Every structure is written in structure tokens, then in C-alpha cells.
Amino acid sequence: MMKKVAFLMLLTLVLLPFGEACARSDSQPSPEIRQLADQAFRLYSARETDRFLATVKKIKKATESTKYEETYYRICSYEAIYMFEYIDRQQGVQLAHDIYNNAKAHNSNVGMYFATFTLGTIREQSGNMGLAEKSFLQALKLKEKYLPNESAAPCYLGLCETALHRKDYDEVNEYARKALDEPGIIPMNQITAWSYKCLARYNQGDSLGFEEAYMERERLITKYGGQGGLFGKLLSVYEAKNRKQWKLALERAEKLVHEQNKCAQKASIYEHMGDLRQALYWQKRTRAVIDSIQSSEARSQMNEFDTELSITYAENEVKEQELENDRLLFGGGSIIAALIITFLSIFAYRRKKQAKNLQTVNQRLQQAYDVLEKTTKAKERIESELRIAREIQKRMLPHVFPKRKDIDIYAMMTPAREVGGDFYGYALIEDLLYFCVGDVSGKGVPAALYMAEVTRMFRTLVDGKLTPDTIANRLNRVLSEDNEQGMFVTMFIGLINLKTGHMEFCNAGHNPPLLDGEYMKMESNAPIGLWPELQFEGEEVDSMRGKTLFVYTDGINEAENINKEQFGDDRLQALLKRDLGDARQTSETIHRAVEEFVGDAEPSDDLTKMCIKMK
């Protein structure tokens, strides 16, 4: 027995370096194969499906069961992703699964890398961003271990997408930079990296930065051909939106191939145009497309695939531990080595057992999931509608604020429920800064709909450069007509002349703001929307230079903890008497203070605040 073990260990030690060398390297493909690969890239980008699939078939035939395993698995990966995104989602998942099966049959770590990366891409396209990020990070580990010369750009680009979904635009830029810094990055990935830079800068409100990134992207497309990498013509829609050419943006959105992108972009464009009915319609269409992508069949396939990958990772760990055992026994032959081998053997046995149990657990979880899915469809439909409403409401509130030397402004709103009735807004027209904070009576969907109407009207009225009291009076006349539900809104409307520092304002039944830590004394007026004959009075502050204005809703001072104690006016004032930093830091500090005070208690009202610091 010991002779047999010794022989096996010797054989293993002789063959291991050769096997590792084969797994970690890929001979250079012939010029014909490289030419076909370049052609496949161009066809992928140009969406020429028949020719792309025919070229893939040729490459697979030329590289399967040969020394060109990296080339083979790479083209299989792109085939699966293309199939999933543009032709048949379940077939795309099956092709990704075929990569895994082939890699497992040939004990290929290169194949396992591409199987993991492909699953991450499919999960990302399905909207499962958390699991997608997990797959991309696992793929990076496999690349570093088995493919040191392989470009990590595709994984970094996948992580760009998950960061974009989290709205972490600095991280999007960082991952895009890492992708571009990768040696040997292919043209399509260069174009995709610059596409992510465009999206990050657009969402950060960096219009000039977007134009610079877009020009570099267009230069690469002209140089290498195709239609813009994985984004196709989507970025041309963003170019029109960046220039506020809404009609052109709609025309370009209509030509998008990807249905989810088409619906989402139309919803965004109509919202910017103020057509909320169309915006809601296209938001619903977007949700329907996403739901169809996340079908139970495709989810089941991906869950099974994910489980098999996890089992294979565990089995590979066991194999590596067994090889380590052989090395120790062959090289040492000591009691210490034997003890280590015993320990590692127990560990390997437990890992094998864990791998077997994992599949059983997954089957049970899948059965439980199927039961849960059948019993919660009605609830999911309601939640889907609320998610759409919440998303529309969030988009109606500005998240990008002007970066100027003379003014610093920041605002934020956190609804107590899925949707809320609080809102804020601003408009910068030449050197005139209009702003408002409001609180609609009631909560939930009715308040959110009323809030949407008020926000739209405010944007329309400020374009006429009206005074705050005139805006309040016109809002009141419209909102009080046929108001059978008796809804109303409290508002603080302000106008600052940035050249002179002079501020005009009208307070319509709203909480008095704090100016330099002191509550402002003003006409309280009545809320807007109750009586059509009501006339609102305007007031003014001679100069706002060097001063800090903090406007908020009653969800701040009336926030309650588990003992039913309120945050209160005094606590808010004490905080604002201190120097809390810039406008954003001030708003976030107040928000954290309220959240810490509330603790485990259920939020009773929306939390909205706006801070303006004039220099």
C-alpha cells in the first residue's frame, strides 16, 4: 500500500507542473483564427446575428479539443451572452451551462473562469446585481490564480454595471479606469469602459465631462468599427438628453434594439418633458420587461448553475488539499507531515460531504421558493406598482446640484413609506435661484400623486420668472378647484438673486426655516389648495451673503422615538447653531441625528431637508 501511495505521489509531483503549465497558458492562435475572432467582435458589435453565430461556429470547431482553450472558452462566453441578451434567454443560460460542463469534463480552470464570468454577465443583464457582483469577484480570483496573463477588463466592466446600479458613480469611474489600464484590453471593452465613463458623468451632472468621454468613445468606434460595444446606440440617447434635445432623444430611443433600454429611456425622457402619464406608462413597460427577463424558468436555471459552480469550487479546493497532502508526504515523511495530512484529509472529507449536501439544500430551497412564488404573485404586482411610483417620484426630485463659487445648495428626501408626499425643487435661471420645499397632506399614493402635480406646476411657473407669492397664488387657484378630497400642501417658496444676495420668499403654512440657526419670523399664511380666494403675501431678506438657510418638513422636528418623544425644535436649532460643514454635510448630519434619535421606532413621516449657503 505504501509503495502504491509513494508511486502515486511521485507521479503526481512529476505531472503537476506540466498540468499547471497547460492550464495557465494558451498557445497563440493561428492568423486565420485571430482573423475570425476579430470578425466575430465586429459582428457582435454590429448585431449581425446570423453571421456572428456562423463565425462563432467556425472558431469553436477550429479550437475545440486543441491547445487554444482560452480562445475556445472566450468565444463560447460571448456566444452565450449574445444569445441571452438578443435571441433566447433560456438558451443563453444553457450555453453558459455548457461552458461549465465542458470545463468540468476537461478539468479546465480556464473554462471555470469563463463559466463564472458568463454567469455574472447573465445575472447582471437579468437585474440580479448582488449575485452578479459575487460572480465577477469570484471570476477575478480565478483569473489571478489560473490566468495571470488574461485581461481582467471584462470583470471590471461587469463591476461597473453593478456599481452603476447602486448609483456609486465614483466606483463606476474607478472600475472603468482599471479596465482601461489592463494590458491587452480588446477594442470592444475599451469602448464599453468609455461608455461607463459617459454614464457616470451624465448621472453626476458633469455635462462637459460627458461630452469629453463621448467624443473619446466615438473616436474608438470610428477606429475599430461596430456600433458601440455592449451599449450599441444607447449612448447616443444620453448625448441628446445631455444637450436637452428631448425630441431627438425620443427618436433615438425608439431605434434601440434592447427593449428594456428602450422603455426605460422613454420613461426618463417623457418625465423630463413633463408628460407624467407617458412616463408612468413606459415605467410600467420597463417593469414588465424586467419581470419577463426574471422568469421563474430562467431563475431556476441560473440557481442550478450557480449551485453546480459552488460545488465545483468546493471540489477544486478538495483536490488542491489532496495534492498538498501528496507533496507533504513525498517531501517530508515526518510525523508532523502525517498529522497535517490527517487534518487535511478530514477537512477534504468534510468539504466533499458539504458539496453533496449543498445540492440537496438547494433543491429544498427551490421547492420552497416555488411555493412562495405561487402564493405571493398578487403582492408582487402591488409592490411592482409601488416600486414604479417610487422610482418616478425619486426622479422628479433633483439629485444633482449646481457647483458655483457664490452658492452651495443640497437637499434630500426619505419617504416613510414606499412613496411619500414631501418634495423639494430648485431652478437656476441665469442669476436667479428659485427653490421650494413642500409637504402634502396625507401619506402614501394619493399624497405622491398630488406631490407630482405640484412639482410639475412649480417647474412651469418658475420659467416665467414670477415672484414667490405670485407662484403661491397661482398654485392655490389651480389646486383648490374641484378639490373634493380636501387635500392641500404647505410650501416654502424662495427666490435668491445671486448677484445682489437679495431673497424674496413666501411661506404657505409651512414650518419656519432657520436662518443662521435662528427660526425666521414671518407670515404663516394658510396652506395651498384650501380656498381659491386666498391671497398669499410675500416677504424678503435684504442680503443672504454669508448666511445659511435650512428649510425642512415637520417629519424632522416631529420625529418620534420608541418612547413617543419628539426630536423637537430645540434639538434641531442646537445642531444648526454649530458649523456642520457645507450644505451636503449639514443636511446629512441632521438626517443622521434624526435617525439615531428615532432608533428602532417606525418612521412616522417623510424626512425632507434643504440647506442653502450663500458665500
Side-chain angles (χ1 to χ4, degrees), residues 274 396-398 401-402 407 409-413 420-441 447 450-480 487-498 500-515 519-544 547-556 583 587 606 608-614:
M396 292 188 70
L397 303 178
F401 300 93
I407 194 77
I409 177 173
Y410 187 80
M412 55 194 295
M413 191 276 278
D422 279 13
F423 63 93
Y424 63 83
Y426 81 87
L428 190 57
I429 304 174
E430 297 172 353
D431 286 310
L432 299 177
L433 174 66
Y434 284 90
F435 62 94
C436 73
V437 173
D439 182 2
V440 175
S441 61
Y450 198 84
M451 162 264 181
E453 183 69 11
V454 176
T455 304
R456 183 189 64 80
M457 292 171 62
F458 172 78
R459 289 176 180 171
T460 302
L461 291 170
V462 297
D463 287 341
K465 296 184 180 180
L466 306 175
T467 60
D469 58 320
T470 303
I471 292 173
N473 283 315
R474 294 196 180 183
L475 282 172
N476 184 65
R477 279 200 298 273
V478 175
L479 294 173
S480 58
M487 296 191 72
F488 60 87
V489 56
T490 68
M491 283 184 76
F492 183 90
I493 306 170
L495 166 61
I496 300 177
N497 186 316
L498 299 181
T500 64
H502 181 263
M503 180 176 77
E504 297 177 69
F505 66 90
C506 178
N507 187 53
H510 201 74
N511 297 63
L514 288 95
L515 186 61
Y519 286 101
M520 295 177 66
K521 295 180 180 179
M522 61 184 72
E523 292 287 338
S524 60
N525 290 317
I528 293 172
L530 291 177
W531 305 286
E533 67 277 5
L534 191 67
Q535 288 296 312
F536 291 87
E537 297 181 14
E539 299 174 80
E540 59 185 357
V541 174
D542 289 338
S543 178
M544 288 290 293
K547 295 180 180 178
T548 298
L549 179 69
F550 187 82
V551 192
Y552 61 98
T553 59
D554 57 14
I556 300 290
S587 299
D606 306 335
T608 305
K609 70 286 300 178
M610 174 183 283
C611 184
I612 299 175
K613 290 176 174 277
M614 190 161 187

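Counting begins at 1 with the first residue of the sequence. For clarity, every value in this text was computed on a predicted model and none was experimentally measured.
- In this structure the side chain of Cys611 never reaches within 4.5 angstrom of the side chain of Tyr410, judged on heavy atoms.
- Legend: residues meeting side chain to side chain contact (heavy atoms under 4.5 Å, CB included) with Leu530, ordered by chain and number and at least two apart, are Phe488, Pro527.
- Residues Pro513 and Phe492 have side chains in contact (heavy-atom distance under 4.5 Å, counting atoms from C-beta outward).
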Next on the checklist: If you apply the rule side chain to side chain contact (heavy atoms under 4.5 Å, CB included), what do you find for Leu433 with Leu495, and how did you get there?
Outcome noted: CA-CA 6 Å; Leu433 174 66; Leu495 166 61; 5.9 Å; no

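- Contacts of Thr470 classified as side chain to side chain contact (heavy atoms under 4.5 Å, CB included), with partners at least two apart in sequence or in another chain: Leu466, Thr467, Arg474.
- For Asn473 against Leu534, the heavy-atom pair with the smallest separation is OD1-O, 3.6 Å.
- At a threshold of 4.5 Å between non-hydrogen side-chain atoms, the residues Thr490 and Ile528 do not count as touching.
- At a threshold of 4.5 Å between non-hydrogen side-chain atoms, the residues Leu432 and Asn497 count as touching.
- Note that the CD atom of Glu537 and the CG atom of Asp469 stand 9.0 Å from one another [nearest 0.5 Å].
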Checklist entry - How far apart are the C-alpha atoms of Ile493 and Tyr434, what are their side-chain angles, what is the distance that settles it, and do they pass the side chain to side chain contact (heavy atoms under 4.5 Å, CB included) test? => result CA-CA 8 Å; Ile493 306 170; Tyr434 284 90; 5.6 Å; no

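- Side-chain atoms of Asp422 and Thr553 form a donor-acceptor pair, as typed in the model, at a separation below 3.5 Å.
- Rounding to the nearest 0.5 Å places CZ of Phe536 at 12.0 Å from CD of Glu523.
- Residues Ile471 and Met491 form no side-chain contact, since every pair of their non-hydrogen atoms from C-beta on lies 4.5 Å or further apart.
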Donor-acceptor pairs under 3.5 angstrom involving side-chain atoms of residues 500-509: please list them, not counting sequence neighbours.
residue	atom	partner	partner atom	Å
Thr500	OG1	His502	N	3.2
His502	NE2	Glu540	OE1	2.8
Asn507	ND2	His510	O	3.1

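- Residues satisfying the side chain to side chain contact (heavy atoms under 4.5 Å, CB included) criterion with Thr455, sequence neighbours excluded, are Met396, Phe423, Met451, Arg459.
- Annotation: side chain of Leu515 is in contact with side chain of Met544 (closest heavy-atom distance under 4.5 Å).
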Checklist entry - Given Leu475 and Leu461, is the side chain to side chain contact (heavy atoms under 4.5 Å, CB included) satisfied, shown in steps? => result CA-CA 9 Å; Leu475 282 172; Leu461 291 170; 3.9 Å; yes

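- In this structure, Thr608 and Val437 have side chains that are in contact, with non-hydrogen atoms separated by less than 4.5 Å.
- By the side chain to side chain contact (heavy atoms under 4.5 Å, CB included) test, Pro402 is found to be paired with Arg404, Ile409, Tyr426, Leu428, residues two or more places apart in sequence or in another chain being considered.
- Using a 3.5 Å distance cut-off with no hydrogens or angles, the side chains of Lys609 and Ser587 do not pair a donor with an acceptor.
- Side-chain atoms of Met610 and Phe550, non-hydrogen and from C-beta on, never get closer than 4.5 Å to each other.
- To the nearest 0.5 Å, the span separating CG on Asn511 from CD1 on Ile556 amounts to 10.0 Å.
- Qualifying salt bridge (Lys or Arg N to Asp or Glu O under 4.0 Å) partners for Glu430, counting only residues two or more places apart in sequence or in other chains: Lys465.
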Item to check | Intermediate values then yes/no, side chain to side chain contact (heavy atoms under 4.5 Å, CB included), Leu479 and Met487 | outcome: CA-CA 9 Å; Leu479 294 173; Met487 296 191 72; over 6 Å; no

